[in-house]
**Q** 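One structure is given below, represented as structure tokens, and several questions about it will come after.
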Amino acid sequence: MKLDKFYLQDMIMRALQEDMPLGDITTDNIISDGHISNAEFLAKQDAVIAGLDVAKLVFEMLDNRVNFTALVNDGDSVKAGEIIARVSGPTRALLKGERTALNFLQRLSAIATMTNRYVMKVKDLPVKIADTRKTTPGLRLLEKYAVSVGGGSNHRYSLSDGVLIKDNHIAAAGGISNAVNRVRASIPHTVKIEVEVESLEEVQEALDCRADIIMLDNMSNEKMAEAVKLINKRALVEASGNITEETIYEVAKTGVDIISIGKLTHSANSVDISMNIE
């Protein structure tokens, strides 16, 4: 997944405006305009790094005289105490961009790190680990990028690019068949239809409706294994619901194709990274 520069510029501009709507009254009154500094970004814990290009663009947008040199790449695993980047240039720009750059780096690296832990738990099984739409408002593309950096896969990006018929759709429509038939009558033939199910009876109904993907929601491992046999490759099978690092391997062993995990983006704790002026 490649991030669009214009998208990043817009996001970074909004973050900088949030952080200093009327300038930086501390830095501007202490540091002279011509003052130059060097700084380093230090990983203070083991992590998978993501967001280096975002951090670089933060400083470049503040002052094009800033030189940001990444010492690792997005997707690299680093150890606590490792220097991941160096930056040099006008001190005012370094200080004004420090927190915004770190916020992006720490958040995206946290998501990449957590994703990588899940991916490694099932690395010997033919299953994909995917994210969900449980993302921070305004940061979805960045957070999904971080999931891909950590070795995960991306689920749909928005409500506009994929049909996912969930329990509330089914309840409102009066059943799986009604929901599938209504949506199929209106969408292009190129769009796949996914249906969330909670029982083997609903699995069969989704199969009868020729769903392309069947999501097994909060099923026991035993029930999921039965569902996989019943589906028998006639649709992709996705498992979802309260899956943890401790349970993911057993879920993957049921034979599902995809495991979607909301906590990759909604529960990742920021990685501890600091920027220190030398």
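Owing to the predicted nature of the structure, the values given are computational and were not obtained by experimental measurement.
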**Q** Counting only N and O atoms by type, is there a donor-acceptor contact under 3.5 Å from the side chain of Arg210 to the main-chain atoms of Ala206?
**A**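 Checking the backbone N and O of Ala206 against the side chain of Arg210, no donor-acceptor pair under 3.5 Å is found.
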**Q** Hey, is the main chain of Val256 close enough, under 3.5 Å, to the side chain of Glu238 for a donor-acceptor pair?
**A**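 Absent.
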**Q** Hey, does Leu142 have a side-chain heavy atom less than 4.5 Å from the side chain of Leu8?
**A**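 When only atoms from C-beta onward are counted, Leu142 and Leu8 do touch, with a gap below 4.5 Å.
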**Q** Say whether, by atom type as modelled, one donor and one acceptor occur between the side chain of Thr113 and the main chain of Ser109 under 3.5 angstrom.
**A**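 A pair under 3.5 Å: yes.
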**Q** Answer yes or no: is there an ion pair linking Asp28 with Lys96, defined by an N-O contact shorter than 4.0 Å?
**A**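 Salt bridge present between Asp28 and Lys96.
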**Q** For the side chain of Asp212 and the backbone of Lys192, is there at least one donor-acceptor N/O pair under 3.5 Å apart?
**A**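 No.
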**Q** Determine, using the 4.5 Å side-chain heavy-atom cutoff (strictly less than), whether Met61 and Leu108 are members of one ILVMFWY cluster.
**A**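 Shared cluster, yes.
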**Q** Can you name the nearest heavy-atom pair linking Gly138 to Met11, along with the distance?
**A**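 For Gly138 versus Met11, the nearest heavy atoms are O-CE, 3.0 Å.
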**Q** Ignoring hydrogens and angles, tell me if any N or O in the side chain of Asn29 forms a donor-acceptor pair with the backbone of Ile25 under 3.5 Å.
**A**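 Yes; at least one donor-acceptor contact below 3.5 Å.
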**Q** Please table the atom pairs, donor to acceptor, closer than 3.5 Å between any side-chain atom in residues 37-59 and protein atoms at least two apart or in another chain.
**A**
residue	atom	partner	partner atom	Å
Ser37	OG	Thr91	OG1	2.7
Gln45	OE1	Asp272	N	2.9
Asp46	OD1	Ala80	N	2.9

**Q** Between Thr27 (side chain) and Asp24 (backbone), is there a donor-acceptor pair under 3.5 Å?
**A**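 No, the answer is negative, given that no donor and acceptor are paired below the 3.5 Å cut-off.
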**Q** I want to check something: taking the side chain as every heavy atom from C-beta on, are Val195 and Met215 in contact at a cut-off of under 4.5 Å?
**A**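 Not touching, per the 4.5 Å side-chain cut-off.
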**Q** Just to verify, which of Asp131, Thr265, Thr135 counts as forming a side chain to side chain donor-acceptor pair (under 3.5 Å) with Lys144?
**A**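 With Lys144 as partner, Asp131, Thr265, Thr135 yield a single side chain to side chain donor-acceptor pair (under 3.5 Å), made by Asp131.
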**Q** Linking I/L/V/M/F/W/Y whenever any side-chain heavy atoms sit under 4.5 Å apart, do Met20 and Leu94 land together?
**A**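 Hydrophobic grouping puts Met20 apart from Leu94.
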**Q** Run the salt-bridge test on Glu250 and Lys253 with the 4.0 Å N-O cut-off and return the result as yes or no.
**A**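 Salt bridge between Glu250 and Lys253, a charged N being under 4.0 Å from a carboxylate O: yes.
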**Q** Does Arg184 reach the main-chain N or O of Cys209 with its side chain, forming a donor-acceptor pair under 3.5 Å?
**A**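 Looks like yes, one N/O pair under 3.5 Å.
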**Q** Check for a donor-acceptor pair, side chain of Glu205 on one end and backbone N or O of Ser177 on the other, with a separation under 3.5 Å.
**A**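 Confirmed, Glu205 side chain pairs with Ser177 backbone.
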**Q** Does the Thr136 side chain pair with the main chain of Leu139, one donor and one acceptor, at a distance under 3.5 Å?
**A**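 Flag not set: sc Thr136 to bb Leu139 has no pair under 3.5 Å.
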**Q** Do we see a donor-acceptor contact under 3.5 Å between the side chains of Ser240 and Ser260?
**A**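 Indeed, the side chains of Ser240 and Ser260 share at least one donor-acceptor pair under 3.5 Å.
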**Q** Is the number of heavy atoms from other residues, nucleotides or ligands under 6.0 Å of Glu18 CD greater than 12?
**A**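 No, not enclosed.
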**Q** Using a 3.5 Å distance criterion without hydrogens, assess whether the side chain of Asp257 forms a donor-acceptor pair with backbone atoms of Leu236.
**A**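 No.
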**Q** Report the C-alpha separation of Arg107 and Glu143 in whole Å, then their side-chain angles, then the decisive distance to 0.1 Å, and conclude whether the salt bridge (charged side-chain N to carboxylate O under 4.0 Å, His left out) test is met.
**A** CA-CA 8 Å; Arg107 175 71 182 151; Glu143 293 184 346; 3.0 Å; yes
**Q** Check this for me, if you would: do Arg156 and Glu194 make a salt bridge, where the nitrogen-to-carboxylate-oxygen distance has to be below 4.0 angstrom?
**A**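 Salt bridge: no.
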**Q** Count the heavy atoms belonging to other residues, nucleotides or ligands that lie under 6.0 Å from CG of Asp161, then report whether that count exceeds 12.
**A**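 Atom CG in Asp161 is packed in, count exceeds 12.
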**Q** Find out whether Tyr157 and Asn154 are in side-chain contact, i.e. whether some heavy atom of one side chain is under 4.5 Å from a heavy atom of the other.
**A**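 The answer is yes, as the side chains (C-beta and beyond) meet within the 4.5 Å cut-off.
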